[in-house]
Amino acid sequence: MDPKTSDLFDTARESARERTAVRERVRFLNEAATRIGASMDMRKIVRELVGAVVPHLADAATVHLLDALLPGPHLDVELPDAVGSLTAPLRRVAVVHNGVEAQMWRTVVPEEQVHVMPPSNPVHRAMAEACAVLVPRIDHEIAAMLDRTHTTGDLTPLILDRSLLALPLTVRGRVLGAVVLLREPGRELFDEVDTLMAEQLAIQTGLALDNAHMYRSEANATDALQRSMLPALPPRLSCADITHRYRSSSHIAQVGGDWFDAIPLSGSRVVFVVGDVMGHGLHSAAAMGQFRTAVQTLAALDLPPEQVLRHLDDLAQRLGEDYVATCLYCVYDPVARLCTMANAGHIPPVLVREGHGAEPVRLPTGAPIGVGGVAFESADVRVHDGDVLLLCTDGLVEARGRDIEKGLAALCSAAERPLPLEELGDTILSDLRTDDQEDDVALLLARLRGVPSRHVAHWLMEPRRTTPSRVRRLIRATLAEWDLSELTDVTELLATELVTNAVRYANGPIGVRMLRTDALLFEVSDEDQHRPVLRRAEDTDEGGRGLQLVSRLARRWGASGKTPGKVVWFELDLDEG
C-alpha cells in the first residue's frame with residue numbers, strides 16, 4: 001500500500017473514532033439527563049447526577065445545595081436572590097468517590113454538613129460568575145483554601161495534585177448550589193469537551209431541582225389550604241364520642257378533596273358528614289373548601305338531609321362542570337335515637353351495633369353532587385346507645401384488585417373489634433392499608449350516646465298570656481327533680497324571654513323542651529317562620545333587650561328552622577349558678 005493510500009485509511013479510521021466518541025458522549029448525556037429529570041425528589045436528583053459523572057467524567061464529586069432549598073423547618077422560607085445566595089448557608093448533600101479512599105472521603109467530607117463558601121473558594125467563584133471554574137492542579141495554597149469549609153479532618157491529602165472543576169447549579173439567573181468534580185493525578189486534566197459535558201449536566205440538574213422545588217412548594221401550599229379547611233373536631237360532643245383520621249395517597253404532600261365534619265345542631269343533635277371531591281391538587285382542595293362551607297351553612301338552616309344534598313348539587317352546577325363530589329349526610333337525634341341519612345353517590349356508612357357486629361347501612365343512592373337532575377332520598381335508621389357510626393371515603397375500601405364489596409366486608413371485620421374509639425380508628429387504617437393506595441382516605445367514627453328519657457322534659461302549650469308563668473313553674477319543678485335548682489333563676493329569666501316572644505307571634509301551639517346532657521338546653525318551637533335577630537336596642541326602644549340578655553347569660557343560643565316554623569334555644573353550663 002502506497003503512503004498516500006495509507007494516510008487516507010488512517011484519516012478515515014481517526015474520523016470513525018471521533019464519530020464514535022461523539023455518539024458515545026451524546027448517548028451518555030441523553031441517558032444522564034433523562035435520569036436526572038425523572039424525579040421530583042431533590043436528593044434523588046443529586047444522586048443521579050453524581051452517579052452519572054463518577055467515574056465517567058470524574059473520580060470524585062460533591063454537591064452543595066442551598067440549605068433553604070431542602071425540606072426542613074425552613075420550608076416556607078423564600079429562597080435568597082442571586083446576591084444573597086452567595087452568602088447563604090450551603091448543605092453538602094452528596095459525596096461520591098471511586099477509589100480506595102472512599103471511606104476517608106466519607107469521614108473527612110461528610111454529607112449533610114452545612115457551611116458557607118468563602119469568596120476565595122473556587123466553588124464560590126463558580127457560583128458568583130455563573131460559569132465553570134477549572135483548577136488544573138490543586139497546590140498546597142488552593143488545598144488550604146478548600147479545607148476551610150471542611151472541619152472534620154485534613155482534606156489536603158485527598159485533593160492535592162488533583163484536577164478540579166467547579167460548576168454552578170443555576171436556573172433563570174438564580175443560584176441553587178454547585179457541583180465539584182475531581183480527577184486523580186494519573187488521569188488527564190479536564191479539557192474543553194469535559195467542561196461542556198459537565199455544564200450540560202449541571203444545567204439539567206438546575207432545571208430539575210427548580211422543578212422539584214416548585215412542585216413541592218405548590219404541594220405544600222395545597223396541603224396547607226386543605227388542612228386549614230379540615231375541621232379540628234373535639235373528641236366528645238354531648239351525644240357522641242368522635243375520632244377521625246385523614247391519610248393521603250401522596251408521599252410528598254397531603255393533597256386531595258376528601259373532607260369530613262361533625263356539626264352540632266339544636267336539641268343536642270349533630271350532623272355527621274363525609275365527602276370526596278373528584279381529583280387531586282389545588283382545584284380539588286379549593287372545591288372541598290367550598291363544599292364544606294356550604295354544608296355548614298345549610299346545616300345551620302336545619303334542612304332535611306335530602307334538601308341539603310339538593311342545594312349542594314345546585315351549587316356545584318353553578319360553580320362549573322368540574323365540581324363533582326360524592327357526599328353522605330347524616331343527622332343524629334339523641335333523644336329519638338334516630339339517624340336520618342341521605343347519600344349522593346358515596347359508599348354506604350357502617351353501623352357497628354354493640355354486641356351484634358358491623359354491617360353497611362344500605363341507603364337510597366343518588367348520583368354524585370354536580371351531576372344534576374337526580375332526586376335525593378333520605379332514610380331513618382334506629383340506633384342504640386354505644387353503637388358506632390363509621391363514615392369514610394372510598395379510598396379506604398377500594399384498592400387495585402379488590403372490589404368495593406370485599407373492601408366493605410374487610411372494613412366491617414376490622415370495625416367490629418371491641419376497642420376504644422381511638423384504637424379502633426388506628427386499627428381500621430392499619431388493617432385496610434395497601435401499598436398501592438391510589439386515593440386519599442377520610443375516616444370519621446362516632447360512638448353514639450342517647451339522652452335518657454328521665455333527662456328530657458317536653459310540654460305543648462297554647463299561646464296565652466299566662467303561658468310564661470306556667471313555664472316558669474314547670475322549669476322550677478323539673479330542675480329540682482334533676483338536682484339543678486341552682487340554675488333555676490337564670491333559666492326562668494331567659495326562658496321567659498323566649499316564651500314571651502313565641503306567645504306574641506305564634507298562631508298555633510308552642511312547644512317547650514328541656515334537655516339535660518353535658519349542658520342544660522332549653523328550646524321553644526312554634527309555627528311562625530320569622531327568626532329572632534340580635535340587634536342593638538336604643539334607650540327609647542320598647543323591645544330588643546331580651547335577646548341581648550340571652551346572648552350575654554347563655555353559653556350558646558340560636559334559632560333554626562323546622563317544618564313548619566322555627567326553634568329558638570339556649571344552653572347553660574351545668575356548673576353555672
Side-chain angles (χ1 to χ4, degrees), residues 233 237 239-247 258 260-262 269-276 304-306 309 326-368 376-399 401-434 437 439 441-450:
L233 302 181
L237 298 174
C239 62
D241 298 323
I242 58 176
T243 188
H244 55 85
R245 301 288 185 273
Y246 182 87
R247 188 178 70 196
D258 295 21
F260 54 88
D261 215 337
R269 294 170 302 143
V270 62
V271 167
F272 298 115
V273 61
V274 64
D276 185 1
E306 69 276 10
L309 297 185
T326 62
C327 182
L328 180 67
Y329 190 93
C330 169
V331 178
Y332 170 54
D333 185 340
V335 177
R337 290 171 174 78
L338 187 71
C339 285
T340 304
M341 309 181 190
N343 191 353
H346 204 79
I347 66 169
V350 169
L351 188 61
V352 186
R353 297 193 181 276
E354 195 169 26
H356 295 85
E359 61 180 3
V361 180
R362 302 300 178 179
L363 303 170
T365 303
F376 299 102
E377 301 178 49
S378 63
D380 292 335
V381 179
R382 291 287 175 186
V383 294
H384 303 91
D385 293 354
D387 288 353
V388 174
L389 181 65
L390 186 157
L391 284 68
C392 67
T393 52
D394 56 8
L396 184 62
V397 297
E398 287 186 337
R402 182 179 69 187
D403 63 35
I404 191 169
E405 290 301 325
K406 290 183 178 179
L408 281 172
L411 176 60
C412 290
S413 177
E416 62 188 9
R417 299 181 184 179
L419 297 172
L421 209 57
E422 289 291 330
E423 292 183 28
L424 185 59
D426 294 334
T427 298
I428 290 172
L429 285 187
S430 176
D431 284 4
L432 275 75
R433 182 181 184 87
T434 60
Q437 178 190 340
D439 201 0
V441 172
L443 172 66
L444 179 64
L445 292 168
R447 192 179 299 278
L448 307 178
R449 186 172 53 252

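No experiment lies behind these values; they were computed from the predicted model shown.
- In this view, D333 satisfies the side-chain hydrogen bond (donor to acceptor under 3.5 Å, both in side chains) rule with no residue, not counting sequence neighbours.
- Considering CZ of R449 and CG of D241, their distance stands at 4.5 Å, rounded to 0.5 Å.
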Go through L391 and L328 one step at a time and tell me if the side-chain contact (heavy atoms from CB on, under 4.5 Å) criterion holds. CA-CA 8 Å; L391 284 68; L328 180 67; 3.8 Å; yes
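- For R269, the side-chain hydrogen bond (donor to acceptor under 3.5 Å, both in side chains) criterion is met by S266, D302, not counting sequence neighbours.
- Considering only heavy atoms from C-beta on, L445 comes within 4.5 Å of V388 through its side chain.
- D385 places a side-chain N or O within 3.5 Å of a backbone atom of G450 that can act as its donor or acceptor partner.
- Side-chain atoms of H346 come within 3.5 Å of backbone atoms of C392 as a donor-acceptor pair (strictly under, hydrogens ignored).
- Residues T393 and Y246 form no side-chain contact, since every pair of their non-hydrogen atoms from C-beta on lies 4.5 Å or further apart.
- V270 has its side chain within reach of C239: a pair of non-hydrogen atoms, C-beta onward, lies under 4.5 Å apart.
- Residues passing the side-chain hydrogen bond (donor to acceptor under 3.5 Å, both in side chains) test with D261, sequence neighbours excluded: R292, Q296.
- One distance of note links NE2 of H244 with CG of L421; it measures 11.0 Å at 0.5 Å rounding.
- In this structure a side-chain-to-backbone donor-acceptor pair under 3.5 Å is missing from T326 to G345.
- Taking the side chain to side chain contact (heavy atoms under 4.5 Å, CB included) definition, one finds that T340 meets it with P305, L338, S378, D380, sequence neighbours left out.
- In terms of heavy atoms, P349 sits closest to M341 at CG-SD, 3.7 Å.
- Nearest heavy atoms, V350 versus A358: CG1-CB, 4.0 Å.
- Looking at heavy atoms from C-beta onward, L389 lies out of side-chain contact with V383 at the 4.5 angstrom threshold.
- Here the CD-CD distance, from E398 to E405, works out to 10.5 Å after rounding to the nearest 0.5 Å.
- Contact of the L443 side chain with the L390 side chain is registered, since non-hydrogen atoms from C-beta on lie closer than 4.5 Å.
- Here the closest heavy-atom approach between residue V273 and residue C327 is recorded as CG2-SG, 3.7 Å.
- Looking at V397 and L432, their side chains come closer than 4.5 Å, going by heavy atoms from C-beta outward.
- For the side-chain hydrogen bond (donor to acceptor under 3.5 Å, both in side chains) test, residues two or more places apart in sequence or in another chain that qualify with D387 are R353.
- One finds the CG atom of L411 at 7.0 Å from the CD1 atom of I347 (value rounded to the nearest 0.5 Å).
- Scanning all heavy atoms of the two residues, the minimum distance from R362 to P348 falls at NH1-CG, 3.9 Å.
- Summarising the geometry of C339 relative to Y332, their closest heavy-atom pair is SG-CD1, 3.8 Å, with the distance given to 0.1 Å.
- Within the structure, every pair that satisfies the side chain to side chain donor-acceptor pair (under 3.5 Å) test and touches residues 408-422, not counting sequence neighbours, is listed here: T243-E422, R245-E422, R417-D431.
- In terms of heavy atoms, A446 sits closest to A240 at CB-CB, 4.5 Å.
- Of the possible donor and acceptor atoms, none in the side chain of S430 sits under 3.5 Å from a partner among the backbone N and O of D426.
- Separating the CD atom in E377 from the CG atom in L309 is a distance of 11.5 Å, to the nearest 0.5 Å.
- Contact annotation: the side chain of D258 never approaches that of F260 to less than 4.5 Å [non-hydrogen atoms, C-beta and beyond].
- You'll find the side chain of Y329 stays beyond 4.5 Å of the side chain of N343, heavy atoms only.
- Note that the CZ atom of R433 and the CG atom of L396 stand 11.5 Å from one another [nearest 0.5 Å].
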